[in-house]
K.L.:
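Have a look at the structure that comes next, please.
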Amino acid sequence: MSSSRRLLLPLRASLTRGRLSSCHQIRNGFGLRGFSTITSTDPALANLAEKCAVVIPECSSADDEDISKIRHEFELAKQRFINIPEALRSMPKMNPQGIYVNKNLRLDNIEVYGFDYDYTLAHYSSDLQSLIYDLAKQHMVNEFRYPESCMKFKYDPTFPIRGLYYDKQKGCLMKLDFFGSIEPDGCYFGRRKLSRKELEKMYGTRHMGRDQARVLVGLMDFFCFSEACLIADMVQYFVDAKLEFDASYIYNDVNRAIQHVHRSGLVHRGILADPTKYLLKNGQLLRFLRSLKDKGKKLFLMTNSPYHFVDGGMRYLMEESFGLRDSWRDLFDVVIAKANKPEFYTSEHPFRCYDEERDTLAFTKVDAFHPDKIYYHGCLKSFLQITKWRGPEVIYFGDHLFSDLRGPSKAGWRTAAIIHELEREIQIQNEDSYRFEQAKFNIIQELLGKFHASVSNNQRSEACQSLLDELNMARQKARETMKQMFNRSFGATFVTDTGQESAFSYHIHQYADVYTSKPENFMFYRPEAWLHVPYDIKIMPHHVKVASSLFKT
C-alpha cells in the first residue's frame with residue numbers, strides 16, 4: 001500500500017499546452033466548450049421571444065441599451081432552459097469503462113504489462129476507509145495521548161475526495177485547480193467551509209504561490225480518504241475545545257498513525273480476516289490477465305504490500321475462477337513485494353529472494369527472475385538489467401500518481417492510471433440533469449461576461465445591479481447543483497466548480513499516458529489498437545463536449 005506524500009509542485013502558467021490555448025474560449029464554462037451564447041439576433045429565438053412576451057425593465061445608465069439586450073437574452077435563455085433536456089438526450093454518452101488518452105499509445109508495441117496490487121488489481125469496499133480511520137484514531141488516542149473523546153469520531157464517506165491538499169501551516173484542507181488556485185467553495189478549516197471573505201483574509205489571494213505551496217501536502221492515493229477525514233476531524237476538535245494547536249503537528253500525528261496502521265499489518269490482518277467485507281470480487285480480472293498471457297505478453301506484479309497479504313487477497317479474488325488456490329502465481333513472470341515505491345525507481349537497493357514458508361529473505365545474489373519465486377525490495381536499475389525489457393515496451397498500471405506512475409514515466413515506461421471513481425463521475429456527467437445544469441451555467445457565464453464588458457462598476461443603476469444579482473444567483477445555483485451531484489463538500493474529483501481542471505487532473509496529465517477505472521477495461525480494445533488523444537480536447541478526455549448546434553433549433 002502506497003504511503004508516499006508529495007508537496008504540491010508549482011503549477012505555472014508556462015505549463016499550458018497546445019490544447020489549453022484560447023483560454024477565453026476554454027475556461028469560461030463547465031465542460032460545455034464551444035457553446036455559443038443565445039442572442040436576440042437568431043430568427044428562431046426572436047420568434048420565441050415574441051411568444052414569451054418578455055417584459056424587460058429599463059436601465060437608467062448610459063449603457064441601458066446594452067444592458068437591455070443582456071436582460072432580453074437572459075429572459076429568453078430562461079425560456080430556452082425548458083427545452084434543453086430534449087436536445088441533451090440526442091448527445092452521445094461517454095463510456096464509464098473507457099480508456100482515456102493523454103499521450104498516444106500503440107498497444108501493439110507493448111510487450112510487458114506491470115501491475116500494482118492495491119486499488120489496481122484489488123479493489124475494496126468503502127468499509128476499508130472506515131477500518132483505516134478507526135485503527136488510526138485508536139492509535140492516536142492510545143499512543144499519542146489524544147483525548148479519549150476522539151474515539152467517538154466516525155469516518156464520513158461524504159466528506160473527502162481524492163486529490164485534496166492540506167496546509168500544514170494554517171490547517172486548511174482544500175481543493176486546487178489546474179493552475180494552483182484554491183477552489184472558492186472548496187476550502188475547509190476542520191469541518192467548516194471557509195467563506196470567500198475568510199479565504200481572502202487568510203490567503204490574500206486564492207492562487208498558491210511557490211512559497212505557499214511548500215507547506216502543502218497532497219493526498220493523492222485512495223487510502224488518503226480516511227486520512228483527510230481524520231485530519232479535518234482532529235482540527236475541528238481543537239477548534240471546538242478552544243485549544244491552541246499547531247496545524248503541522250496534527251498532520252504529522254495523523255500521518256504517523258496512518259503509516260503505523262499499514263506498516264504494522266493491522267489493516268492487512270483486518271482485510272484478510274473478513275475478505276468478503278472489504279474485497280470486491282471481479283471475474284473479468286482473471287479473463288484479462290489470461291488473455292494477455294495467451295497473446296504472449298510478459299506480466300509482472302510490483303507492490304509495496306507484503307507477499308502474504310497479496311497472496312491472501314489474490315487467492316480470495318480468484319479461487320472460484322481457478323479452482324486451485326495457488327494458480328494466480330502462474331499468471332505472472334515476476335512477483336515483487338515490499339518494493340518501497342517510489343524509492344524503487346531511484347535507489348540502488350538489491351533484490352532479495354523471499355522464502356514464504358520461513359518468512360525470511362535469502363542471502364544469495366539475485367541475477368535472474370524465476371516465476372516460481374517471490375522477490376522483495378530491489379530497484380528499477382537492477383530490474384531492467386535482469387529482464388532486459390526496454391522502457392517503451394513496458395506499461396505499468398497503478399493508482400498512485402506519485403508513487404506508482406511518476407517514476408516509470410520518467411524512466412520511459414508507458415503508464416496507465418487506475419482511477420476507480422472515474423466510473424461514477426462519468427455516469428453522473430452522462431445524466432441529462434447534470435448536462436442541463438452545465439448548459440445553464442455556461443449560458444449565464446457568458447451573459448455575465450457581456451455584462452461586465454458593457455458596464456463599469458461606477459455606472460451601475462438599480463436596474464443594472466438587479467440584473468447582475470439575478471445572473472450571479474442563477475450561476476451559483478447551477479454551480480451548487482452540479483457540485484452536490486458529485487460530493488457535497490468538494491464536488492467533482494477532476495474539475496472545479498468553475499469548470500477548470502483540478503490539480504489532481506494536472507498530475508494525471510503529467511504522469512499517466514492513459515487512465516481508466518479498471519485494468520480489465522483494456523479487454524474492450526483490440527490488442528493492436530492505437531489509442532489517440534482526441535483532436536478537439538479542451539479539458540480531460542473523458543469530459544463531454546457539447547455542440548452549440550444542439551441549442552440552435
Side-chain angles (χ1 to χ4, degrees), residues 1-3 5 118-119 124-175 185-194 198 202 216-271 273-274 277-278 420-421 484 486-491 493:
M1 296 182 184
S2 173
S3 60
R5 295 289 182 269
D118 294 300
Y119 278 109
Y124 300 94
S125 70
S126 58
D127 291 322
L128 179 59
Q129 300 299 336
S130 295
L131 175 65
I132 297 172
Y133 181 96
D134 290 340
L135 291 172
K137 172 189 66 180
Q138 184 176 356
H139 186 74
M140 293 180 71
V141 172
N142 294 340
E143 301 298 327
F144 302 160
R145 298 296 184 260
Y146 274 69
E148 189 71 27
S149 58
C150 293
M151 290 297 292
K152 298 179 181 178
F153 295 169
K154 298 292 183 183
Y155 174 68
D156 180 4
T158 67
F159 178 67
I161 62 171
R162 181 152 42 158
L164 298 177
Y165 289 85
Y166 179 69
D167 186 337
K168 295 192 293 181
Q169 189 174 74
K170 294 182 170 66
C172 294
L173 192 66
M174 64 188 71
K175 178 181 175 182
D185 293 319
C187 185
Y188 282 74
F189 185 63
R191 296 299 294 273
R192 184 178 68 85
K193 183 172 71 174
L194 296 182
E198 290 175 313
M202 185 172 291
L216 297 183
V217 60
L219 307 176
M220 293 291 164
D221 65 2
F222 217 94
F223 294 107
C224 71
F225 284 62
S226 48
E227 184 174 5
C229 192
L230 189 54
I231 288 172
D233 288 343
M234 287 299 180
V235 169
Q236 191 62 51
Y237 167 80
F238 282 96
V239 171
D240 293 341
K242 296 180 172 56
L243 298 173
E244 292 186 6
F245 67 97
D246 188 307
S248 65
Y249 294 164
I250 298 292
Y251 169 76
N252 291 336
D253 288 345
V254 170
N255 185 253
R256 284 168 56 202
I258 295 286
Q259 298 298 331
H260 169 77
V261 164
H262 291 307
R263 292 172 180 170
S264 66
L266 287 172
V267 169
H268 300 152
R269 290 193 292 272
I271 292 172
D274 193 359
K277 182 177 181 180
Y278 299 110
H420 191 58
E421 58 267 47
Q484 294 291 332
F486 294 100
N487 175 279
R488 68 182 187 187
S489 302
F490 296 100
T493 302

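Below, each value reflects all heavy atoms present in this structure, side chains not excepted, and no hydrogens, waters or symmetry copies.
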K.L.:
For Lys175 and Gly186, indicate whether the former's side chain and the latter's backbone hold a donor-acceptor pair under 3.5 Å.
P.N.:
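The answer is no, because no donor-acceptor pair under 3.5 Å joins these two groups.
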K.L.:
Would you call Asp221 and Arg162 a salt bridge, taking side-chain N to carboxylate O under 4.0 Å as the test?
P.N.:
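Not counted as a salt bridge, because no side-chain N and carboxylate O are separated by less than 4.0 Å.
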K.L.:
Answer yes or no: is there an ion pair linking Asp156 with Arg191, defined by an N-O contact shorter than 4.0 Å?
P.N.:
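A salt bridge is present here (some side-chain N lies under 4.0 Å from a carboxylate O).
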K.L.:
With no hydrogens and no angle check, is any side-chain donor or acceptor of Asn487 less than 3.5 Å from a backbone partner on Thr158?
P.N.:
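Yes, the answer is positive, given that a donor and an acceptor are paired below the 3.5 Å cut-off.
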K.L.:
Tell me whether the count of non-hydrogen atoms from other residues, nucleotides or ligands lying under 6.0 Å of CD in Gln169 goes above 12.
P.N.:
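Incorrect, the count does not exceed 12.
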K.L.:
Can you find a heavy atom in the side chain of Gln138 that is under 4.5 Å from one in the side chain of Asp134?
P.N.:
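Side chain of Gln138 against side chain of Asp134, heavy atoms only: no contact under 4.5 Å found.
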K.L.:
If you apply the rule ring pair (Phe, Tyr, Trp, His ring centres under 6.0 Å), what do you find for Phe153 with Tyr133, and how did you get there?
P.N.:
CA-CA 9 Å; Phe153 295 169; Tyr133 181 96; 7.4 Å; no
K.L.:
When you measure from the side chain of Lys277 to the backbone of Asp127, do you find a donor-acceptor pair of N or O atoms at a distance under 3.5 Å?
P.N.:
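Here the side-chain-to-backbone pair does not exist.
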K.L.:
Looking at side-chain heavy atoms only, is the closest gap between Leu266 and Leu131 below 4.5 Å?
P.N.:
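Sidechains of Leu131 and Leu266: no contact.
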K.L.:
Can you tell me how far apart CD (Glu227) and CD1 (Ile132) are? Round to the nearest 0.5 Å.
P.N.:
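These two atoms lie 10.0 Å from each other.
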K.L.:
Do other residues, nucleotides or ligands put more than 12 heavy atoms under 6.0 Å from Phe144 CZ?
P.N.:
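For Phe144, atom CZ is crowded (more than 12 foreign heavy atoms under 6.0 Å).
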K.L.:
Taking the side chain as C-beta and beyond, is there a heavy-atom pair between Met174 and Phe189 under 4.5 Å?
P.N.:
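Side-chain contact under 4.5 Å: no.
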K.L.:
Which heavy atom of Ile231 sits nearest to which heavy atom of Val254, and what is that distance?
P.N.:
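Closest pair (atom of Ile231, atom of Val254, distance): CG1-CG1, 3.7 Å.
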K.L.:
Would you call the rings of His420 and Tyr119 parallel, tilted or perpendicular, taking 30° and 60° as the class edges?
P.N.:
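His420 and Tyr119: tilted rings.
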K.L.:
Please give me the minimum heavy-atom distance between Lys154 and Asp233, naming the atom from each residue.
P.N.:
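Nearest pair, atom of Lys154 first, then Asp233: O-OD2, 3.9 Å.
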K.L.:
Phe225 and Tyr155: aromatic ring centres closer than 6.0 Å?
P.N.:
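When the ring centroids of Phe225 and Tyr155 are compared, they turn out to be at least 6.0 Å apart.
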K.L.:
In this structure, is the centre-to-centre distance between the rings of Tyr146 and Tyr237 below 6.0 Å?
P.N.:
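Ring centroids of Tyr237 and Tyr146 are no less than 6.0 Å from each other.
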K.L.:
Counting N and O atoms only, with roles assigned by atom type, does the side chain of Asn252 sit under 3.5 Å from a partner on the main chain of Ser248, one being a donor and the other an acceptor?
P.N.:
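Yes; at least one donor-acceptor contact below 3.5 Å.
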K.L.:
Considering only heavy atoms from C-beta outward, does the side chain of Leu219 approach that of Leu173 to under 4.5 Å?
P.N.:
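They are in side-chain contact.
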K.L.:
Please confirm whether the backbone N or O of Ala247 pairs with a side-chain atom of Tyr166, one donor and one acceptor, at under 3.5 Å?
P.N.:
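Judged by distance alone, yes, a pair lies under 3.5 Å.
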K.L.:
Taking side chain as C-beta onward, heavy atoms only, is Met140 less than 4.5 Å from Cys150?
P.N.:
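No - every pair of side-chain heavy atoms lies 4.5 Å or more apart.
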K.L.:
For Ile250 versus Phe245, what's the shortest heavy-atom pair and its separation?
P.N.:
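Heavy atoms only, the tightest pair is CG1-CD1, 3.8 Å.
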